[in-house]
There are 2 protein chains.
Amino acid sequence: MKSNLISINDIARALGISPSTVSRALKDHPDISTETKRIVKEYAEQVNYRPNALALSLKRQRSNTLGLIIPEITHHFFSSVISGIEELAYAKGYRLIICQSNEDYNREVINTQVLLDNRVDGILISISKTTHDHGHFKDLIDSGIPLVFLDRVSEEVETDRVVTADFEGALIATSHLLETGRKRILHLASPKHLHVGRLRQEGYLKALQNYGIEPDPDLIIQCDTRLEVYQLKEEILRIAPKIDGIFAVNDFTAIAAMQILQENGSRIPEDIAVTGFGNDPIASIAYPPLTTVEQSGFEMGRQAVEILIKRIENPSTFIDFQTRVIPVSLEKRAST
Amino acid sequence: MKSNLISINDIARALGISPSTVSRALKDHPDISTETKRIVKEYAEQVNYRPNALALSLKRQRSNTLGLIIPEITHHFFSSVISGIEELAYAKGYRLIICQSNEDYNREVINTQVLLDNRVDGILISISKTTHDHGHFKDLIDSGIPLVFLDRVSEEVETDRVVTADFEGALIATSHLLETGRKRILHLASPKHLHVGRLRQEGYLKALQNYGIEPDPDLIIQCDTRLEVYQLKEEILRIAPKIDGIFAVNDFTAIAAMQILQENGSRIPEDIAVTGFGNDPIASIAYPPLTTVEQSGFEMGRQAVEILIKRIENPSTFIDFQTRVIPVSLEKRAST
DNA sequence: CTGAAAGCGCTAACAA
DNA sequence: TTGTTAGCGCTTTCAG
């Protein structure tokens, strides 16, 4: 059946009544007679009428659309975040526009503009690694649109946040290494300006402190991608004989490290025990399966949307900004 | 700086000129005097004017938005597809609304409605596994909106398609097993109604035929997820002694099969060589690293958008529907 | 119970 | 060179 985008006006004309009556009839306005309602609804059904969301949005000043800016869609953690967001947004009747920053500051700035231009009702954002200036977030706040940070948050901007228990995760992962008798633990860390990375490093340090171990600055290397592990291969192998454990800031780094160590003759976990962070699907498939910190992206996404929609739907009632911390747990596997 | 959503009318009022003059000045209409343009642009800049995309869309009958319906965002292949789509769509000035069907037919139908309601200019879709009725796709075609199928295509609907070279991929993967001397090759297959799965099975059969091997129906098991491998564990292990190779319809299935076989004492590739399909990141990390068919989701996404935008931007000029086949290649690793 | 009219923000044909 | 007006599709106040 043809359905070439009928409007309320078309229906009104066809039925010889006014557009306003059609509008009301379709939404069961009490003023309209049962008979008129029946006729209108029947006809609307027949021609497959569907309200134009664009016109509705313009009228209502509300698009029922959420915007998301995320560093990299192709990254299991982020794609689970998206999945969680999409799930709840859909259930609540919101659409989702997704922008990718590709870890590029400039693109992130443009993306915020694009979302604003499209009058999204709220924005979810996980900050790019190259973002140091947070002015564009402040502009969003100023323009009055609700904003929720996810995982990678801005500390300069006051708004709602949903984060992983990064400190605790790092603490339990490192403590686990210490409990199993490891003493010289290398930390493969993220750049300092990433809040997440800093928290994980603090968790690592705290664990050492709890066990009365003096941290050794040589045992903290900034290295948080598979590629960087290969670039820093020489350095890591040089340190290898002096260590018996590794706490890596994420699973990719952990696995790459395991691989170069194994190629170099180290046994895992006998010589060096390794833990990652994130519980990416690759962790359970790595050899040996990687002990890591489970971090639910899906749950983060859901909770972020929950907060965001609450803000959108209660614009007047002031609620304090909150930071929700999604708990983590240790997945013990054969690498430790 | 405050930027609370200024409209053209606001500017007109503030400057004491008409909205149409403002509109024209902002877009460098030749009729407008240089002086007026300067004043308008300066003011617009100052109050941080941004055109309302909703109003524009309504007026132009064109939203510059693309819709995507995809089975599961959390799946590396699909997330790379999304990434390719997002990349090119963004570059061409289009927004992207993403819907997830979660492999659920009903949700897929509703999603097509949602996208239509939002007046997207075109739709990209990869069909859910549970979709057997294709009426909703026909409705889309009837309503005149360009539609491009991605990877999992409908054969009942005539439109543009971008697909993987599934047959060839299966052919080269199976041939590779045969070349290395394997003769009894198990195929872990997708449900028959999935076109992709059927093509891969045909490629498998063709390879056998090329090598003069009679296909054995017992050596084709319908099993295409990690979970199903575990559910069919008994059956697979029962068959294991009789086979020397496996061609799995995807990498997860291949890896899960390797794992249950290894737990059961089989050596890979010595006893049984295994190939997957897709080159998921886990393939290179599996133990042993999995030989598999490289399939570029990113490239598929890009090409699908390219076709779609061409259709959108040349609605009148009739171009024949095309099916673009994205080539594949074999990634040889230690599992064969 | 129903209709006319205005307006959301923008553009474009037509007038001046 | 600029302004007036109508209209994209819908809702809603006000009138009848």
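First the proteins, then the strands, lettered A, B, ... as listed; each starts at 1.
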TODO: Provide, to the nearest angstrom, the distance between the CG atom belonging to A:Asn118 and the P atom belonging to C:dC10.
DONE: 13 Å
Task: Distance (rounded to the nearest 0.5 Å) between B:Asn9 CG and B:Ser23 OG - done: 10.5 Å
Task: Integer-rounded Å distance: C:dC1 P and A:Asp28 CG - done: 13 Å
Open item on the list: Tell me whether the rings of B:His136 and B:Tyr105 are parallel (<30°), tilted (30 to 60°) or perpendicular (>60°).
Closed with: perpendicular
- [ ] Describe the nucleic acid contact of A:Ile17 in one word from base, sugar-phosphate, nothing, applying a heavy-atom distance below 4.0 Å.
- [x] sugar-phosphate
Open item on the list: Between C1' on C:dG9 and CG on A:Asp117, what's the gap in Å once rounded to a whole number?
Closed with: 13 Å
- [ ] Assess whether one donor atom and one acceptor atom, taken from the side chain of A:Arg119 and the base of C:dG9, lie less than 3.5 Å apart.
- [x] no
Task: Identified side chain to side chain contact (heavy atoms under 4.5 Å, CB included) counterpart of A:Leu66 within the set A:Ile312, A:Ile98, A:Leu115 - done: A:Ile312
Task: Pairwise side-chain contact, A:Ser7 with A:Asp10, heavy-atom cut-off 4.5 Å (strictly under) - done: yes
Open item on the list: For A:Lys41, is there an ion pair with A:Asp28 - N to carboxylate O distance below 4.0 angstrom?
Closed with: yes
Open item on the list: Are A:Ile127 and A:His134 packed together at the side-chain level, in the sense that at least one heavy-atom pair is separated by less than 4.5 angstrom?
Closed with: yes
Open item on the list: Does A:Val196 form a side chain to side chain contact (heavy atoms under 4.5 Å, CB included) with A:Thr164? I'd like the steps, not just the answer.
Closed with: CA-CA 8 Å; A:Val196 163; A:Thr164 303; over 6 Å; no
- [ ] Measure the distance from CD1 on B:Ile8 to C1' on C:dG7 and round it to the nearest whole Å.
- [x] 16 Å
TODO: Using whole Å, report how far CD1 of A:Ile32 lies from P of D:dT11.
DONE: 13 Å
Task: Base C:dT11 paired with B:Arg62 side chain (donor-acceptor, <3.5 Å) - done: no
Open item on the list: Does anything in residues 36-43 of chain B come within less than 4.0 Å of DNA chain D? Heavy atoms only, and list the residues if so.
Closed with: B:Thr36
Task: Gap between atoms CG and P, on A:Leu5 and D:dG9 respectively (whole Å) - done: 9 Å
Open item on the list: OP1 or OP2 of C:dT11 versus the side-chain N and O atoms of B:Ser20: is any pair under 4.0 Å?
Closed with: no
Open item on the list: By the 4.0 Å heavy-atom rule, please label B:Arg60 as base, sugar-phosphate, or nothing.
Closed with: nothing
Task: OP1 or OP2 of C:dT2 under 4.0 Å from side-chain N/O of A:Ser18 - done: no
Open item on the list: Go nucleotide by nucleotide along DNA chain D from the 5' end; which of A:Asn9 and B:Lys59 gets its closest nucleotide reached first?
Closed with: B:Lys59
TODO: Could you check how far CG of B:Asn52 sits from P of C:dG7, rounded to whole Å?
DONE: 18 Å
TODO: Report the distance from atom CZ of A:Arg24 to atom P of D:dT12, rounded to the nearest whole Å.
DONE: 10 Å
TODO: Answer yes or no: side-chain N or O of B:Arg50 and base N or O of C:dG9 forming a donor-acceptor pair under 3.5 Å.
DONE: no
Open item on the list: The test is side chain to side chain contact (heavy atoms under 4.5 Å, CB included); show your working for A:Thr323 and A:Phe149 and say whether it passes.
Closed with: CA-CA 9 Å; A:Thr323 294; A:Phe149 283 106; over 6 Å; no
Open item on the list: When the axes are fitted on five pairs at both termini, how much does the helix from C:dC1-D:dG16 to C:dA16-D:dT1 curve, in 10° steps?
Closed with: 60°
Open item on the list: Strictly below 4.0 Å: does B:Gln61 bring a side-chain N or O up to OP1 or OP2 of D:dG7?
Closed with: no
Open item on the list: With side chain to side chain donor-acceptor pair (under 3.5 Å) as the test, pick out the partner of B:Asp160 among B:Arg311, B:Gln322, B:Gln303.
Closed with: B:Arg311
TODO: May I ask you to say what B:Asp31 touches in the nucleic acid, namely base, sugar-phosphate or nothing, with a heavy-atom cut-off under 4.0 Å?
DONE: base
Open item on the list: Would you call the rings of A:His193 and A:His132 parallel, tilted or perpendicular, taking 30° and 60° as the class edges?
Closed with: tilted
Open item on the list: Please give me the minimum heavy-atom distance between A:Glu86 and B:Cys99, naming the atom from each residue.
Closed with: OE2-CA, 3.5 Å
Task: Selected nucleotide, minimal atom distance to B:Leu58 side chain, candidates C:dG3, D:dC8, D:dC10 - done: D:dC8
Task: Under 4.0 angstrom between A:Lys27 side-chain N/O and D:dT11 OP1 or OP2 - done: yes
Open item on the list: Can you see if the side chain of A:Ser33 gets near the phosphate of C:dT2 - specifically, an N or O under 4.0 Å from OP1 or OP2?
Closed with: yes
